[in-house]
Structures are given as C-alpha cells and as structure tokens.
Protein chains: 2
Amino acid sequence: MLIEEKAKLFKALSDPNRLRILKMLQARKLCVCEITEILELATSTVSEHLRILEAVGFIIGEKDGKWVNYMLNPHCCDATVISILSMLPFWVSNDTVTSSDVEKINSVDRNKLCCK
Amino acid sequence: MLIEEKAKLFKALSDPNRLRILKMLQARKLCVCEITEILELATSTVSEHLRILEAVGFIIGEKDGKWVNYMLNPHCCDATVISILSMLPFWVSNDTVTSSDVEKINSVDRNKLCCK
DNA sequence: TGTCCATTTCGTTTTACACCGAAATATAAT
DNA sequence: ATTATATTTCGGTGTAAAACGAAATGGACA
C-alpha cells in the first residue's frame with residue numbers, strides 16, 4: 001500500500017464524528033437514521049462520513065429492507081486496517097461524549113425514528 | 001483525553017509527508033535541513049509539519065548548536081501516543097517512497113547541506 | 001403501477017490545511 | 001560586534017474537507 005493510501009486511513013480517523021461512529025459500531029450495527037439521531041447532524045453529512053469510512057475498508061453497509069445497516073468490516077483483509085480496528089477500543093475509550101453515544105444506542109429505534 | 005484530541009492525533013498522521021518524517025526519524029534523529037533536502041519541500045513547510053507532530057507528542061525537537069535535532073519522543077507518557085508510535089513500523093513499512101527516504105538518510109550531511 | 005421513505009448525490013458555503021517566499025529570530029563563527 | 005546561517009513565524013494563495021438543504025435514487029409495500 002502506498003504511503004498516500006496509509007495517510008488516507010488516518011485521515012478517515014481524523015474527524016471526531018467519524019471516531020464516534022466507529023465507537024458506536026463497536027456496540028452494534030446501525031442504520032443511517034440512528035447514527036444521525038445520535039450525532040445530531042444532517043443525514044447527508046452522516047452519509048458522507050460513512051462513505052469515507054467505507055472507502056478505506058473500516059466499515060461496510062448492508063442493505064436491509066429500506067434501511068442500510070452499517071457495521072465494522074467483518075471480512076477485512078488488509079493487515080493495517082485490521083490492526084487499527086483492533087486497537088480502536090483501546091484508543092477511543094469512554095470519554096464523556098462516546099460514553100453518552102453508546103448509552104443512546106440502547107434507546108434509539110429505527111422504527112420510531114424514521115416512520116413518522 | 002477528549003475525542004477531539006484523539007482525532008488530532010490521527011490528523012497529525014493524515015499527511016503523507018508527516019508519515020515520511022516519522023519513518024525517517026525511526027532511523028535516526030534529523031535536523032530540519034536534512035528533512036527538507038529529502039522531502040524536497042520549502043523549509044518553512046517542513047518546520048510546520050514538525051510543529052504539528054511535536055504538538056501531539058509524537059516527536060520532540062532538541063537544540064544542538066545552530067541546528068535543531070528532531071527525534072521520536074523518547075519520554076512520551078500518553079498510552080495512545082506510545083502505542084501508535086510502536087505500531088508505526090508495522091503500518092508504514094517500506095513502500096517505494098519511504099525506502100528511498102531511508103536510503104537518502106545515509107548520505108545526507110547537515111554540514112554539506114547547510115554551510116554553502 | 002404508483003407512493004412512501006431511507007439513503008445518496010449534488011451544489012454551495014464556510015472553514016481548515018498545505019504550501020511558498022519573505023521577514024523575524026537565534027545561534028555560530030569570524 | 002558583525003556577519004552568516006538554521007529555524008521559526010507571518011502573510012497570502014490555492015485546494016480540500018465538513019456542513020447543510022434540496023433534489024435524485026432505489027427499495028418496500030399498498
């Protein structure tokens with residue numbers, strides 16, 4: 001992998017909202033509207049963050065009816081990406097913001113959020 | 001450490017030239033003009049990259065006569081920074097660019113570079 | 001088929017960053 | 001002391017990124 005691509009891996013991690021997304025996906029798979037509700041950003045903004053994380057192989061999106069479930073990439077084959085993902089729980093561990101995020105995951109419900 | 005600060009750690013790693021600098025400093029301590037020679041950037045640009053890497057604790061600069069020796073931070077106490085530094089040789093390992101950089105380190109000589 | 005709705009894409013704005021050259025700073029050497 | 005030089009700081013420029021709302025896309029379901 002070229003050095004420019006390595007840099008892109010870290011650029012994907014260089015935004016607080018994207019780190020929050022990865023932390024949340026450690027808890028469970030989430031759809032775009034659930035992530036949007038927790039981050040309090042525009043849906044289009046969240047979609048863009050997810051696109052960036054998916055482009056470098058950290059996460060994948062899987063169609064599930066009218067939703068798209070995003071999750072940490074379970075069949076990632078790049079050694080650098082794998083090692084970074086495995087280190088994330090240690091690096092990003094329970095500050096005020098991410099702890100609150102993970103708590104909210106238990107209460108968000110895509111059926112209540114979306115079908116208004 | 002706040003999530004914004006964690007993001008800044010990765011932002012410091014998100015530039016190819018800064019990754020090249022860290023890789024070079026794994027070989028040995030270098031002054032600004034030596035790094036400038038290898039990266040082929042303006043001195044002021046290199047100085048800025050070094051400032052960013054130093055601000056998050058990856059490297060330190062040490063006065064040595066008229067030069068400043070930059071090196072990987074030997075007395076770093078943050079666990080995240082330490083673990084990232086220890087992973088770097090694995091993540092950034094000998095692509096075309098960084099291999100060439102490390103070779104050049106053997107031939108650059110601050111006394112020939114600077115005293116013109 | 002046609003409607004609903006979650007998500008993506010597009011266009012735009014604002015902010016941040018990489019880069020440079022020139023000026024300022026600080027240290028060495030004459 | 002004065003000059004030379006290694007580095008930092010400053011000002012400016014072009015490019016990239018983060019944010020939004022609006023429009024487009026594409027399943028699901030009536």
Side-chain angles (χ1 to χ4, degrees), chain A residues 3-5 7-22 25 29-56 59-71 108-116, chain B residues 3-5 7-22 25 29-56 59-71 108-116:
Chain A
I3 189 96
E4 286 84 6
E5 298 176 83
K8 272 189 192 148
L9 282 185
F10 295 114
K11 183 160 286 183
L13 300 175
S14 73
D15 182 273
N17 288 321
R18 287 197 288 273
L19 289 181
R20 290 171 70 185
I21 290 173
L22 288 175
L25 294 182
K29 56 179 70 170
L30 293 163
C31 69
V32 181
C33 64
E34 289 170 325
I35 297 170
T36 300
E37 175 76 9
I38 293 170
L39 293 185
E40 296 179 291
L41 292 172
T43 311
S44 55
T45 304
V46 171
S47 183
E48 170 71 0
H49 282 312
L50 292 166
R51 193 190 62 75
I52 291 169
L53 289 171
E54 190 170 25
V56 294
I59 66 173
I60 60 165
E62 225 172 44
K63 279 268 177 185
D64 174 25
K66 58 180 175 177
W67 290 287
V68 178
N69 281 326
Y70 280 94
M71 64 198 81
V108 290
D109 178 355
R110 65 183 63 183
N111 289 298
K112 287 179 188 166
L113 276 178
C114 301
C115 305
K116 291 175 181 175
Chain B
I3 189 95
E4 285 84 5
E5 296 176 85
K8 272 190 192 144
L9 282 184
F10 295 114
K11 184 160 287 183
L13 300 174
S14 73
D15 182 272
N17 288 322
R18 287 197 290 272
L19 288 181
R20 289 171 70 186
I21 289 173
L22 289 175
L25 294 183
K29 55 179 72 171
L30 293 163
C31 69
V32 180
C33 64
E34 289 170 325
I35 297 170
T36 300
E37 176 75 9
I38 294 171
L39 293 185
E40 295 179 292
L41 292 172
T43 312
S44 55
T45 304
V46 171
S47 183
E48 170 71 1
H49 282 313
L50 292 167
R51 195 191 59 75
I52 291 169
L53 290 171
E54 190 170 26
V56 295
I59 66 173
I60 60 165
E62 224 171 45
K63 279 268 178 186
D64 174 25
K66 58 179 175 177
W67 291 289
V68 178
N69 281 326
Y70 280 94
M71 64 198 81
V108 290
D109 178 355
R110 64 183 65 182
N111 289 298
K112 287 179 188 164
L113 275 179
C114 302
C115 306
K116 288 174 182 172

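In the text below, chain A, chain B and the rest are named by the order of the sequence lines, each starting its count at 1.
When each of B:Val46 and A:Gly65 is assigned the nucleotide of DNA chain D bearing its nearest heavy atom, the one mapping closer to the 5' terminus is B:Val46.
In this entry the distance linking CG of B:Leu19 with P of C:dA18 reads 12 Å, nearest Å. Rounded to whole Å, atom C1' of D:dA6 lies 16 Å from atom CD of B:Glu62. Atom C1' of nucleotide C:dT9 and atom CD of A:Glu48 are separated by 10 Å, given to the nearest angstrom. Rounded to a whole Å, the NZ atom of A:Lys63 is 8 Å from the C1' atom of C:dA6. The distance between atom CH2 of A:Trp67 and atom P of C:dT8, rounded to the nearest whole Å, is 14 Å. Computed from coordinates, the B:Glu4 CD to D:dA18 C1' distance equals 15 Å when rounded to whole Å. Distance CD1 (B:Ile59) to C1' (D:dT7): 13 Å, rounded to an integer number of Å. Atom CZ of A:Arg110 and atom C1' of C:dA6 are 11 Å apart (whole Å).
Looking at heavy atoms from C-beta onward, B:Arg110 lies in side-chain contact with B:Asn69 at the 4.5 angstrom threshold. A heavy-atom distance below 4.5 Å is found between the side chains of A:Leu22 and A:Leu13. Residues A:Met71 and A:Leu25 have side chains not in contact (no heavy-atom distance under 4.5 Å, counting atoms from C-beta outward). Inter-residue side-chain proximity for B:Val56 and B:Phe10 is flagged as unmet; no heavy-atom pair is nearer than 4.5 Å.
Ranking C:dT9, C:dA18, D:dT7 by closeness to the B:Thr43 side chain, first place goes to D:dT7. Side-chain proximity of B:Val68 to C:dA18, D:dT8, C:dT8: nearest is D:dT8. Ranking D:dT7, C:dA6, C:dT8 by closeness to the B:Val32 side chain, first place goes to D:dT7. Listed nucleotides: C:dC20, C:dC5, D:dT8. Nearest to the side chain of B:Ala42: C:dC20. In the set D:dT9, C:dC19, C:dT9, C:dC19 carries the atom at the smallest distance from any side-chain atom of B:Thr45. In this structure, of C:dC5, D:dC10, C:dC10, it is C:dC5 that holds the atom nearest to the side chain of A:Lys66. Closest to the side chain of B:Ser47, out of C:dT7, D:dT8, C:dC19, is D:dT8. The nucleotide whose nearest atom lies closest to any side-chain atom of B:Cys33 is, among D:dT7, D:dA18, C:dC20, D:dT7.
Applying the 4.0 Å criterion to OP1 and OP2 of D:dA6, one finds that B:Tyr70 has every side-chain N and O outside that range. The shortest distance between the side-chain N/O atoms of A:Arg18 and the OP1/OP2 oxygens of D:dA18 is below 4.0 Å. Between B:Lys11 and C:dC17 there is a side-chain polar atom (N or O) within less than 4.0 angstrom of OP1 or OP2. A close approach under 4.0 Å does occur between a side-chain nitrogen or oxygen of A:His49 and OP1 or OP2 of D:dA19.
When each of B:Leu53, B:Ile38, B:Asp15 is tested with B:Ile21 by the rule side chain to side chain contact (heavy atoms under 4.5 Å, CB included), just one qualifies, namely B:Leu53.
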| task | For the pair A:Glu48 and A:Leu41, evaluate side-chain contact (heavy atoms from CB on, under 4.5 Å) and give the outcome as yes or no after the intermediate values. | result | CA-CA 11 Å; A:Glu48 170 71 0; A:Leu41 292 172; over 6 Å; no

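If you check every strand for non-hydrogen atoms under 4.0 Å, B:Ile52 touches sugar and phosphate atoms only.
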